[in-house]
S.K.: 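Here you go, one structure.
Because the structure is a prediction, the values reported are computed rather than measured. Values below: every heavy atom of this structure, side chains too, minus hydrogens, waters and symmetry copies. Whatever order the structure lists ligands and atoms in, that order sets their numbers, starting from 1. Here, residue 1 is the first one in the sequence, and each next residue gets the next number.
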Amino acid sequence: MFGDWHDPIPAVIEATPKESLVRNDIYDCWPRREWNRGSIVLVGDAIHPMTPDLGQGACQAIVDGTTLASCLLGGDDVPLALHAYRRSRYLNAAIAMLFSRIWGGAGQLEGRVTCAIRDSLVKAMPLSLQLRQLDLVIQKQSNWVNSATV
Ligand SMILES: Cc1cc2nc3c(=O)[nH]c(=O)nc-3n(C[C@H](O)[C@H](O)[C@H](O)COP(=O)(O)OP(=O)(O)OC[C@H]3O[C@@H](n4cnc5c(N)ncnc54)[C@H](O)[C@@H]3O)c2cc1C
């Protein structure tokens, strides 16, 4: 697959011992409605695992952490803070998971005609639509926290 890539990629692959290759299956999952039980609360892949196709899993986990901290700093009512945390993160995490799945699927399509159609559609996608998608995935944290803490 990489034989005609530029140097040193074929050489690096050639020099890699077979035993050092790792193969892991990848799973995603729509985030559950319940993010906490009592004061036990989930962040990151534990609640919204996504495929790596948008490079968002760890980013979303970090936003979970900072949002959770902001919500907890907002007052002494822990159940309310955990509710605000889930409310502020659910949609963003679900969208990131869904778009990762869609783009991952699109990237793995096979067949010359299918791939040509896919490539044409992607090229024809207006920049405004691409940016709108990005906006939905890379949500400004302050908006989510502000809209959720009351
Ligand atoms: C190939 C690939 C490429 C990726 N690329 C990107 C990228 O470019 N950008 C990006 O943002 N994300 C990327 N991700 C996703 C990212 O790696 C994950 O979303 C992120 O690591 C999730 O962090 P987490 O802390 O939620 O979970 P994890 O990183 O899985 O951490 C959970 C930890 O808990 C430990 N653990 C599990 N059970 C127990 C237990 N019972 N007791 C104690 N410890 C336990 C595990 O060993 C692990 O260390 C990629 C993922 C893959 C597979």
S.K.: Yes or no, since that's all I need: does a protein heavy atom fall within a distance strictly under 4.0 Å of atom 52 (C) of ligand 1?
M.R.: yes

S.K.: Measure across Q60 and M50 and return the closest heavy-atom pair with its distance rounded to 0.1 Å.
M.R.: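 Of all heavy-atom pairs spanning Q60 and M50, the closest is CG-CE, 3.8 Å.
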
S.K.: Yes or no, since that's all I need: does a protein heavy atom fall within a distance strictly under 4.0 Å of atom 21 (O) of ligand 1?
M.R.: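 There is no protein heavy atom less than 4.0 Å from atom 21 (O) of ligand 1.
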
S.K.: Is atom 39 (C) of ligand 1 in close reach of the protein, with a heavy atom under 4.0 Å away?
M.R.: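 Within 4.0 Å: no protein heavy atom nearby.
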
S.K.: Could you check which of P49, P52, S100 puts a non-hydrogen atom nearest to atom 3 (C) of ligand 1?
M.R.: P52

S.K.: Can you check atom 7 (C) of ligand 1: any protein non-hydrogen atom closer than 4.0 Å?
M.R.: yes

S.K.: For L42, is there any backbone N or O sitting under 3.5 Å from a side-chain donor or acceptor partner on N36?
M.R.: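 Not a single qualifying donor-acceptor pair exists.
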
S.K.: Right, does atom 31 (O) of ligand 1 have protein non-hydrogen atoms nearer than 4.0 Å?
M.R.: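 No.
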
S.K.: May I have all residue pairs that pass side chain to side chain donor-acceptor pair (under 3.5 Å) and include part of residues 7-17, sequence neighbours excluded?
M.R.: none

S.K.: Quick one: look up the protein heavy atom nearest atom 12 (N) of ligand 1 and list residue, atom name and how far away it is.
M.R.: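 Answer for atom 12 (N) of ligand 1: A58 N, 3.0 Å.
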
S.K.: Would you say I40 has more than 12 foreign heavy atoms packed within less than 6.0 Å of its CD1?
M.R.: no

S.K.: Check whether any side-chain heavy atom of H48 sits under 4.5 Å from a side-chain heavy atom of Y90, and report yes or no.
M.R.: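 H48 vs Y90: side chains apart.
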
S.K.: Just to confirm my output: which protein heavy-atom neighbour is closest to atom 19 (O) of ligand 1, and how far is it?
M.R.: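 I find the closest protein heavy atom is D45 OD1, 2.8 Å.
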
S.K.: Any protein heavy atom lying closer than 4.0 Å to atom 16 (C) of ligand 1?
M.R.: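 Within 4.0 Å of atom 16 (C) of ligand 1, protein heavy atoms are found.
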
S.K.: If you measure from each non-hydrogen atom of M50 to ligand 1, which part falls under 4.0 Å: side chain, backbone, both or neither?
M.R.: neither

S.K.: Could you tell me whether some N/O pair between A61 and ligand 1 is separated by less than 3.5 angstrom?
M.R.: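 N/O-N/O distance below 3.5 Å does not exist for this pair.
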
S.K.: Look at atom CZ of R32 and say whether more than 12 heavy atoms of other residues, nucleotides or ligands are closer to it than 6.0 Å.
M.R.: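 No - once you tally the heavy atoms of other residues, nucleotides and ligands closer than 6.0 Å, there are 12 at most.
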
S.K.: If hydrophobic clusters are built from ILVMFWY residues whose side chains come within less than 4.5 Å, do L98 and L109 share one?
M.R.: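 No.
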
S.K.: Return yes or no for this condition: an N or O of G44 is under 3.5 Å from an N or O of ligand 1.
M.R.: no

S.K.: Does the side chain of Q108 come under 3.5 Å of the side chain of W103 through a donor N or O and an acceptor N or O?
M.R.: no

S.K.: Are any non-hydrogen side-chain atoms of D28 and S100 less than 4.5 angstrom apart?
M.R.: no

S.K.: Around atom 10 (C) of ligand 1, find the nearest protein heavy atom and jot down its residue, atom name and distance.
M.R.: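 Closest protein heavy atom to atom 10 (C) of ligand 1: G55 O, 3.2 Å.
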
S.K.: Is there at least one protein heavy-atom neighbour under 4.0 Å from atom 46 (C) of ligand 1?
M.R.: no

